[in-house]
Amino acid sequence: MLVTVTPVPASAGSGVDVVVPVGVRDLRPRDLPACGWSGSATHVRQIERQLARAAAGEADYLAVCTPADLPVAIGGIDYRASAGAGTLWQLAVLPALQSCGLGTLLIRAAEQRIRDRGLRRAELAVEEDNPRARALYERLGYAAYGREPDAWDEEGPDGSVHRYETVCVLMRKAL
């Protein structure tokens, strides 16, 4: 797939489009140092634990990569979270490349992995205060069916870890 990136110009009127080919593959442990943009060191360690689950067949973890083989979008699929479904989670796109189609590509690849497992439903949760992500999911055919509290450990700039609590909208899509 080709992705068009329009960098923010230094001066008005000098915008340039850059077209970059990308591909989707499994995220690998050696990719983790290049995934720091997706969250804190605590978050990257969590991804590392999920890669062990992927190796055991309980999950998949995908990466959208540039020709230099650098991940610019990542996300997981949990096959144990909900019976009969693949649950998408930890979806992230390099901030500078958001709104370039990478999230759509990642989700479509994840949905294909779910279908390849013989499952016919994809699910995800999105924070209530993330309307941009929710709009993407709705555009891709996901519909809200509930809401629930969620929480996870988050690392502060000083390295301290605290519990982040939020409320998520639950969404699903028939595949």
Legend entry - Partner set under salt bridge (Lys or Arg N to Asp or Glu O under 4.0 Å) for Arg115, not counting sequence neighbours: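 Salt bridge (Lys or Arg N to Asp or Glu O under 4.0 Å) check on Arg115 returns nothing, list empty.
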Inset, instruction - Taking salt bridge (Lys or Arg N to Asp or Glu O under 4.0 Å) as the test, write out the residues that go with Glu154, two or more places apart. - result: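 Testing Glu154 for salt bridge (Lys or Arg N to Asp or Glu O under 4.0 Å), a comparison that skips the adjacent residues, returns none.
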Legend entry - Linked, directly or transitively: Leu119 and Leu175 (ILVMFWY side chains, under 4.5 Å):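 Linked within one cluster.
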Kindly give the heavy-atom pair with the smallest separation between [X] and [Y], and that separation in Å.
| X | Y | result |
| --- | --- | --- |
| Ile107 | Tyr142 | CG2-OH, 3.9 Å |
| Arg163 | Ala151 | NH2-O, 3.3 Å |
| Arg121 | Ala83 | NH2-O, 2.9 Å |
| Asp26 | Asp31 | O-OD2, 4.2 Å |
| Leu91 | Gly75 | CD2-CA, 3.7 Å |
| Val169 | Ala144 | CG1-CB, 3.6 Å |

Legend entry - Listed partners of Arg30 passing side-chain hydrogen bond (donor to acceptor under 3.5 Å, both in side chains), at least two apart: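 With neighbours one apart ignored, the set is empty.
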Legend entry - Pairing residues for Arg80 by the side-chain hydrogen bond (donor to acceptor under 3.5 Å, both in side chains) criterion, not counting sequence neighbours: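 By the side-chain hydrogen bond (donor to acceptor under 3.5 Å, both in side chains) rule, Arg80 matches no residue at all.
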For [X], side chain to side chain contact (heavy atoms under 4.5 Å, CB included) partners two or more places apart:
| X | value |
| --- | --- |
| Leu32 | Leu27, Val44, Ile47, Glu48, Leu51 |
| Thr104 | Arg108, Leu136, Arg139, Leu140 |
| Ala133 | Val126, Asn130, Tyr137 |
| Glu148 | Leu170 |

Legend entry - Partner set under ring-ring contact (aromatic ring centres under 6.0 Å, His included) for Trp152, not counting sequence neighbours: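 Listed in chain order: Tyr164.
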Legend entry - Close side-chain approach of Glu138 and Met171, heavy atoms under 4.5 Å: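 Result yes, sub-4.5 Å side-chain heavy-atom pair found.
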Inset, instruction - Can you run down the salt bridge (Lys or Arg N to Asp or Glu O under 4.0 Å) pairs that involve residues 165-175, sequence neighbours left out, and say none if there aren't any? - result: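 Every salt bridge (Lys or Arg N to Asp or Glu O under 4.0 Å) pair that includes a residue of residues 165-175, provided the two are not neighbours, is Glu111-Lys173.
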Inset, instruction - Hey, could you give me each pair passing salt bridge (Lys or Arg N to Asp or Glu O under 4.0 Å) that has a residue in residues 82-93? Not counting sequence neighbours. - result: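 Non-adjacent pairs meeting salt bridge (Lys or Arg N to Asp or Glu O under 4.0 Å): zero.
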What pairs of donor and acceptor atoms, side-chain ones from residues 55-69 against any protein atom, are under 3.5 angstrom apart with sequence neighbours left out?
unit_1: Glu58; atom_1: OE1; unit_2: Arg53; atom_2: NE; d: 3.0
unit_1: Asp60; atom_1: OD1; unit_2: Arg113; atom_2: NH1; d: 3.4
unit_1: Asp60; atom_1: OD2; unit_2: Tyr79; atom_2: OH; d: 2.6
unit_1: Tyr61; atom_1: OH; unit_2: Gln90; atom_2: OE1; d: 2.8
unit_1: Thr66; atom_1: OG1; unit_2: Ala68; atom_2: N; d: 3.3
unit_1: Thr66; atom_1: OG1; unit_2: Leu70; atom_2: N; d: 3.4
unit_1: Asp69; atom_1: OD1; unit_2: Arg25; atom_2: NE; d: 2.9
unit_1: Asp69; atom_1: OD1; unit_2: Arg25; atom_2: NH2; d: 3.2
unit_1: Asp69; atom_1: OD2; unit_2: Arg25; atom_2: NH2; d: 3.4
unit_1: Asp69; atom_1: OD2; unit_2: Arg28; atom_2: NH2; d: 2.8

Legend entry - Value rounded to 0.5 Å, distance of SG in Cys168 from CZ in Arg147: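 If I round to the nearest 0.5 Å, the distance is 10.0 Å.
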Legend entry - Side chain Glu155, main chain His43, donor-acceptor under 3.5 Å: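 Side chain of Glu155 to backbone of His43, a donor-acceptor pair under 3.5 Å: no, none is there.
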Inset, instruction - Please say which of Ile114, Leu88, Thr87 ends up in a side chain to side chain contact (heavy atoms under 4.5 Å, CB included) with Glu123. - result: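 Passing option: Thr87.
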